[in-house]
Amino acid sequence: MVNVTINGISIAVPEGFTVMQAAKAAGFEITSLCSHPDLKVRDNCKVCMVDINGELKTACAETVTSDMVVNTYSPEIITARQKNLKKILSVHPQDCLNCARNLNCELQNLANTLLIREFSNRPLQIPKDRSTPSLVRDMSKCTLCQRCVEVCNDIQTVGALEVANGIVQTVDGLLLAETNCVVCGQCALACPVGAIVENEEMDKFLAAVADPDKIVITQIAPAVRVAVAEAVGMPTGSLDMLKFVAGLKMLGFDYVFHTNFTADLTILEEGNELLKRLQTGGTLPMITSCSPGWINFIETFYPDKLDHLSTCKSPQQMFGALAKTYWAEKMGIDPAKIYSVSIMPCTAKKFEAARPEMNSSGYQDVDLVLTVRELGKLFRMEPIDFDKLAPANFDSLLGAYTGAAVIFGASGGVMEAALRTVYEVVTGETLEDVNFNVCRGFEGMKEAEVDLAGTKVKVAVANSLGNARKIMDDIKAGTSPYHFIEVMCCPGGCIGGGGQPIPSTIEKRKERIDAIYAEDAGEPLRKSHENPEVKFLYEDFLHEPLGHKSHELLHTHYHPQKQ
Ligand code: SF4
Ligand code: SF4
Ligand code: SF4
Ligand code: FES
């Protein structure tokens, strides 16, 4: 431990702490812009100036030493911070009123905190990049913090962004869609301002609700359940799901379903696909296919390894195909009138829904994808007191789910859900303890060996594309020891998806993971094959996993992209 004095308070902090961390431990939050709790120190905004032993220095970049004396507040310090912030603001557009980050922007907060009222302003004029269906880049708002570059290059290993000639840009200044970007949206989560944001499409939802000829239905992804509370200003995981359904109906949705339903269905299809590959010598390891950022990644960087992917569509797309076929038929509704909206933790889902092959119903299977952040904005248009709302049930036929589907939202959840079902199918025995703790947690890589009636099955779980790359390099080298691998594009899984509420720090992602497993533990049914509506779907319509109808509606093919 190291002893430092901060604003006259003596405190012992761990060695290696920055002055900013030590000040926080002593109760003083220092203003900052470029620093981020999960990323490297950049030391480029200079709005965290403090007095260290009589000299003005940046608190994020200085490491504590013993007997250091720090002051975080004086007229001289505030003036230095204001001066540095005004330099950033001098080229920043004053667009707060029509900015996607309005009221959730670190620069806006900082200007308010530091009492900036007047400054000279000649904003940069840079056209917006709207080349992908998922993200919008407005580099006139960039503060050059470089957080996005680190996330894209070091964590996701995609390399779509770079620092060149003193600015942050896409590689070679291309449009985002022309780079290898997989539209994961992790850069948007890291960005302190509105320079990279989700492609907002709330207006399309409002237009659909206003159209009397449209029947507007929705599906909510597993990872939305816990994070949506944050988007409406409540603690993580605290929004009662049945009140959430009531809120969605108030917004104008005619039917509210759950992607959890097709998450359970995915387990039946994917579990049987794995068994078939094990029994018939099919391509192994088989890798999960529900994360569209991951699909973009393997299609871009490992196009000759696509046969390792499960042919299952993602739960979002399975739902979209079933809603406009099976459900429409059951309800006697013309599928042309159905406007299918999914609420997702993910920006890559917007890209996935727009893929030309995702139309096995004869229509675009999912018409619109809204992120959790966009849904939060819709809810704030007509603020709802969820406590006072009468609960409403999910609609039937595509609305029932088990705890196995709930955990799809966390890294390792798909693997655990699959093991719960595959174990019972293979052994014919009841799995008494359904908790595969080895699959859980935030670590980037997890592995296990499961005994299935004498057959040892080696499984691995990877989250973030950097870890997916390691898995793929082993497969390419022929050294992968696994039979089944779960890959999720985003750190922590979908709870850390690019469309989730900001902040999405590691601490926040861990809270969401805890909330997910707490929900699973409280579910009366916790194995996908026990889902009563999934059982009925097979009896009534699909007949068997991997059967003809499943292949038509629930499975797909992958294609090499770019490069
Ligand atoms: S990025 Fe922040 S400061 Fe800039 S226009 Fe948007 S809300 Fe305002
Ligand atoms: S969306 Fe993902 S891949 Fe694309 S630039 Fe951002 S971090 Fe990189
Ligand atoms: S785009 Fe955002 S995250 Fe990237 S450097 Fe600019 S301000 Fe920072
Ligand atoms: S927060 Fe310290 S230099 Fe940016």
Side-chain angles (χ1 to χ4, degrees), residues 32-36 39-40 42 44-45 85 88-113 116 119 121 123-124 126 128-129 131-164 166-171 174-199 291-294 296-297 300-301 346-351 464-466 468-469 489-491 496-499 502 561-562:
S32 66
L33 185 62
C34 66
S35 80
H36 184 284
L39 302 174
K40 287 178 198 142
R42 297 285 169 196
N44 58 27
C45 75
L85 180 57
I88 294 167
L89 290 171
S90 69
V91 290
H92 192 90
Q94 299 197 47
D95 274 352
C96 297
L97 290 182
N98 56 7
C99 180
R101 291 293 296 271
N102 191 17
L103 302 181
N104 184 18
C105 170
E106 294 181 42
L107 183 63
Q108 191 184 50
N109 282 343
L110 192 56
N112 194 36
T113 304
I116 305 292
F119 54 94
N121 186 237
L124 296 172
I126 303 173
K128 288 184 185 173
D129 177 351
S131 60
T132 78
S134 300
L135 296 161
V136 177
R137 292 174 72 251
D138 180 353
M139 297 317 282
S140 64
K141 291 179 183 165
C142 177
T143 65
L144 303 177
C145 72
Q146 301 181 21
R147 292 180 188 178
C148 57
V149 181
E150 180 179 342
V151 167
C152 188
N153 293 328
D154 299 352
I155 297 175
Q156 298 297 59
T157 65
V158 170
L161 304 176
E162 66 179 8
V163 182
I167 61 163
V168 171
Q169 62 172 29
T170 47
V171 166
L174 296 167
L175 289 172
L176 195 58
E178 295 166 348
T179 69
N180 285 335
C181 172
V182 300
V183 291
C184 68
Q186 289 300 307
C187 51
L189 285 184
C191 184
V193 295
I196 312 176
V197 295
E198 65 279 18
N199 178 23
S291 166
W294 151 240
N296 290 342
F297 183 83
T300 302
F301 294 99
C346 177
T347 48
K349 288 281 176 198
K350 288 178 183 270
F351 179 93
S464 87
L465 296 176
R469 187 179 284 283
C489 166
C490 297
I502 296 172
Q561 278 190 34
K562 303 174 194 166

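First listed ligand is number 1; within each ligand, the first listed atom is number 1. Throughout, residue positions are numbered sequentially from 1 according to the sequence presented. Note that the coordinates shown come from a computational prediction; the quantities given were computed from them, not determined experimentally.
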Peer 1: May I ask you to decide if C181's main-chain N or O and Q156's side chain share a donor-acceptor pair within less than 3.5 Å?
Peer 2: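 No: the side chain of Q156 does not pair with the backbone of C181.
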
Peer 1: Which one holds for K141 and ligand 3: side chain close, backbone close, both close, or neither close, with close meaning a heavy atom under 4.0 Å?
Peer 2: neither

Peer 1: Among all protein non-hydrogen atoms, which one is nearest to atom 5 (S) of ligand 3, and what is the separation to 0.1 Å?
Peer 2: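 Scanning the protein heavy atoms, the shortest distance from atom 5 (S) of ligand 3 goes to Q146 N, 3.1 Å.
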
Peer 1: Quick check on contacts: which atoms of ligand 3 are under 4.0 angstrom from a heavy atom of T143?
Peer 2: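 In order of numbering, the contacting atoms are 6 (Fe), 7 (S).
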
Peer 1: Return the CG to CG distance between N109 and L103, rounded to the nearest 0.5 Å.
Peer 2: 8.5 Å

Peer 1: Just jot down the ligand 3 atoms closer than 4.0 angstrom to any heavy atom of C148, in number order.
Peer 2: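 Near C148, the atoms of ligand 3 are 1 (S), 3 (S), 4 (Fe), 5 (S).
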
Peer 1: So, do Q186 and P491 sit near enough that their side-chain heavy atoms are less than 4.5 Å apart?
Peer 2: yes

Peer 1: Do you know which two heavy atoms are closest between V182 and N296, and how far apart they sit?
Peer 2: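 V182 and N296 have their closest heavy atoms at O-ND2, 3.2 Å.
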
Peer 1: What are the atoms of ligand 2, with element, lying closer than 4.0 Å to any heavy atom of V182?
Peer 2: 3 (S), 4 (Fe)

Peer 1: For ligand 2, which atoms have a heavy atom of G185 less than 4.0 angstrom away?
Peer 2: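 Atoms satisfying the 4.0 Å criterion: 1 (S), 2 (Fe).
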
Peer 1: At under 4.0 Å between heavy atoms, which part of V193 makes contact with ligand 3: side chain, backbone, both or neither?
Peer 2: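 Within the 4.0 Å criterion, V193 contacts ligand 3 through side-chain atoms alone.
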
Peer 1: At under 4.0 Å between heavy atoms, is it the side chain or the backbone of A195 that contacts ligand 3, or both, or neither?
Peer 2: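 The answer is the side chain.
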
Peer 1: Got a salt bridge between E198 and K350, using NZ or NE/NH1/NH2 to carboxylate O under 4.0 Å?
Peer 2: no

Peer 1: Write down the atom of C145, the atom of P192, and the distance for their closest heavy-atom approach.
Peer 2: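 So the two residues come closest at SG-CD, 3.7 Å.
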
Peer 1: So, do I116 and L110 sit near enough that their side-chain heavy atoms are less than 4.5 Å apart?
Peer 2: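 A side-chain contact under 4.5 Å is absent here.
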
Peer 1: Are side-chain heavy atoms of C96 and C105 found at a separation under 4.5 Å?
Peer 2: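 Not touching, per the 4.5 Å side-chain cut-off.
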
Peer 1: Note the single closest protein heavy atom to atom 4 (Fe) of ligand 1, along with its residue, its atom name and the distance in Å.
Peer 2: H92 NE2, 2.2 Å

Peer 1: Does the shortest distance from atom 8 (Fe) of ligand 3 to an N/O/S atom of C145 fall below 2.8 Å?
Peer 2: yes

Peer 1: How close does the nearest protein non-hydrogen atom get to atom 6 (Fe) of ligand 1, and which residue and atom is it?
Peer 2: C99 SG, 2.4 Å

Peer 1: Which atoms of ligand 2 are found less than 4.0 Å from any heavy atom of C152?
Peer 2: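 Taking each heavy atom of C152 in turn, ligand 2 has 3 (S), 5 (S), 7 (S), 8 (Fe) under 4.0 Å.
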
Peer 1: So which atom in T157 and which in R469 form the shortest heavy-atom distance, rounded to 0.1 Å?
Peer 2: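 For T157 versus R469, the nearest heavy atoms are O-NH2, 2.7 Å.
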
Peer 1: Please identify which atoms of ligand 3 are closer than 4.0 Å to at least one heavy atom of M139.
Peer 2: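 Under 4.0 Å from M139, ligand 3 has these atoms: 1 (S).
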
Peer 1: Among all protein heavy atoms, pick out the one at the shortest distance from atom 8 (Fe) of ligand 1; state its residue, atom name and that distance to 0.1 Å.
Peer 2: C96 SG, 2.3 Å

Peer 1: Which atoms from ligand 2 have a heavy atom of L135 less than 4.0 Å away?
Peer 2: 1 (S)

Peer 1: Report the nearest protein non-hydrogen atom to atom 1 (S) of ligand 1: residue, atom name, distance rounded to 0.1 Å.
Peer 2: G194 N, 3.1 Å

Peer 1: Write down the atom of T179, the atom of A160, and the distance for their closest heavy-atom approach.
Peer 2: OG1-CB, 3.6 Å

Peer 1: Closest non-hydrogen protein atom to atom 2 (Fe) of ligand 3, residue and atom name please, with distance?
Peer 2: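 Looking only at protein heavy atoms, the one closest to atom 2 (Fe) of ligand 3 is C191 SG, 2.4 Å.
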
Peer 1: Counting from 1, what ligand 1 atoms have a heavy atom of C105 closer than 4.0 Å?
Peer 2: 1 (S), 2 (Fe), 3 (S), 7 (S)

Peer 1: Does the shortest distance from atom 2 (Fe) of ligand 2 to an N/O/S atom of C184 fall below 2.8 Å?
Peer 2: yes

Peer 1: Considering only heavy atoms of V158, which atoms of ligand 2 have at least one such atom less than 4.0 Å away?
Peer 2: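 Result: 3 (S).
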
Peer 1: Taking all non-hydrogen atoms of both residues into account, name the closest pair between L161 and C187 and its distance.
Peer 2: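 Minimum heavy-atom separation between L161 and C187: CD1-CB, 4.4 Å.
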
Peer 1: Indicate yes or no: at least one non-hydrogen side-chain atom of K141 is less than 4.5 angstrom from one of R101.
Peer 2: no

Peer 1: Provide the number and element of each atom of ligand 2 under 4.0 Å from a heavy atom of C181.
Peer 2: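 In order of number, 1 (S), 3 (S), 4 (Fe), 5 (S).
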
Peer 1: Which pair of non-hydrogen atoms, one from D129 and one from L176, has the smallest distance, and what is that distance?
Peer 2: OD2-N, 2.7 Å

